[in-house]
Amino acid sequence: MALRNVIVIGSGPAGCTAAIYAARAGLEPLLVAGLLQGGQLTQSSGVENWPGAHHFPSGFELMESLLEHVRKFDVEILQDSVSTLTREDGVFSLHMAGGEVLTARSVIAATGSSARYLGIPGEDRFRGSGISACATCDGFFFRKKRVVVIGGGNTAVTDALYLAGLGAKTSLVHRRNEFRCEKILTDKLMSAAGEGRISLHLSKVPLEFVGGESLEGVRIRDTVTGEESVLATDGVFEAVGHVPNTGYLEGLLELDRGYIPLAGDPEHATATAVPGLFAAGDVANARYQQAVVAAGSGCMAALDAEHYLSML
């Protein structure tokens, strides 16, 4: 395949925005969409904080709109993922999971993150058959049943509200006695708890998933008293954070807890220590993991790549 000017890896808000800006600059980008086209946001039941989208679309609807915007600029989209990224003599080689090798003068890494799991006993046994990290994907199967959501951030609270809306008997387990989510979500959660639609189990940590042929409960411990108990459930939804999808970069640059460190260039904020490699979205930002921030950084990465290519 011909040498590309720029290849964008990832099709979430950062990747799509980068592709749009790169296309507008005449760089003819290739977008490597990954196995989950649209990224993690497609699994959100509703997006309330995307500017202008006051009808609160689902994450899937929002990303379909962004991808359609990408297609309007005739961007080539490849449904594959990158296994390894290398660079030699100023040219990047992208070794694809499907066996193909792509080459480019510059690369924008916007591969987002994947759900983190707790790693406690019973998890591997029941994952996919009672334990999930995606309420919008699997919540339908637990209507009118007992479910437990684990976590205290935006995702956990959103998942709990979504599952309760499906009629599931919902419990929320959180290791602290206060939540880390946005205030509007906290208010909605407390309202649902007051109505008896969600049961709160605060200052509790999960120790083990228990059951026979199927998942039957979660063993939890009170962090104040040390008392242990089993919370009966038919399903568990883990919402305890994400890990950056950057394994393909190992050996190319040193990662920071899995995140891509930026070079700190005030003129080109998305540049990395590797010339021609730029990073956008959650892979380079452990703090502001918001869709609108990711989109903004995708714009910046495309502009930085355009400048880099103009200097070659």
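Each residue takes its place number in the sequence, starting with 1.
Follow the hydrophobic side-chain contacts under 4.5 Å out from L31 and you reach I20 in the same cluster. Clustering ILVMFWY residues whenever any of their side-chain heavy atoms sit less than 4.5 angstrom apart, transitively, puts V230 in a cluster other than the one holding V148.
Salt-bridge annotation for E208 and R221: absent, with no side-chain N of the basic residue lying under 4.0 Å from a carboxylate O of the acidic one.
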* Trace of the salt bridge (Lys or Arg N to Asp or Glu O under 4.0 Å) decision for E195 with R197 -> CA-CA 6 Å; E195 295 167 359; R197 295 190 295 118; 2.8 Å; yes
* Determine, step by step, whether L253 and L255 satisfy the side-chain contact (heavy atoms from CB on, under 4.5 Å) criterion, reporting the C-alpha distance in whole Å, the side-chain angles of both residues, the deciding distance to 0.1 Å, and the verdict. => CA-CA 6 Å; L253 80 168; L255 300 172; 4.2 Å; yes
* Residue pair R4, E76: steps toward the salt bridge (Lys or Arg N to Asp or Glu O under 4.0 Å) verdict -> CA-CA 11 Å; R4 301 272 183 167; E76 183 180 351; 2.6 Å; yes
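Listed here is the closest heavy atom pair of Y162 and T136: CE2-CA, 3.7 Å. What you find for L30 and L102 is that their closest heavy atoms are CD2-CD1, 3.5 Å. V75 and P29 make their closest contact through CG1-O, 3.6 Å (heavy atoms, listed as atom of the first residue, atom of the second, distance). F278 and A305 make their closest contact through CE1-CA, 3.6 Å (heavy atoms, listed as atom of the first residue, atom of the second, distance).
In E68, the CD atom is crowded: over 12 heavy atoms of neighbouring residues, nucleotides or ligands sit closer than 6.0 Å. The local environment of CZ in F56 is crowded, with over 12 non-hydrogen atoms from other residues, nucleotides or ligands closer than 6.0 Å.
In this structure a side-chain-to-backbone donor-acceptor pair under 3.5 Å is missing from T246 to Y259. In this structure a side-chain-to-backbone donor-acceptor pair under 3.5 Å is present from S106 to N5. A donor-acceptor pair is defined here as one N or O able to donate and one able to accept, closer than 3.5 Å; no such pair exists between the side chain of T17 and the backbone of A14. For the pair S11 (side chain) and G38 (backbone), a donor-acceptor distance under 3.5 Å is present. Between the side chain of N154 and the backbone N or O of E182, at least one donor-acceptor pair lies under 3.5 Å. Judged by distance alone, the side chain of E61 and the main-chain N or O of S58 form a donor-acceptor pair under 3.5 Å. A donor-acceptor distance shorter than 3.5 angstrom exists from the side chain of E123 to the backbone of L118, with no hydrogens or angles considered. D222 places no side-chain N or O within 3.5 Å of a backbone atom of K204 that could act as its donor or acceptor partner. In this structure a side-chain-to-backbone donor-acceptor pair under 3.5 Å is present from D304 to T270.
Cation-pi geometry between R143 and F140 is met: the NZ or CZ atom falls under 6.0 Å from the ring centre, inside 45° of the normal. Within the cation-pi definition used here (under 6.0 Å to the ring centroid, within 45° of the axis), R125 does not qualify as a partner of F209.
Aromatic rings of H201 and H174 (six-membered ring for Trp) have centroids beyond the 6.0 Å cut-off, not under it.
In this structure, T155 has no side-chain hydrogen bond (donor to acceptor under 3.5 Å, both in side chains) partners at least two apart in sequence or on a different chain. Scored by the side-chain hydrogen bond (donor to acceptor under 3.5 Å, both in side chains) test, K144 finds no partners at all (sequence neighbours excluded).
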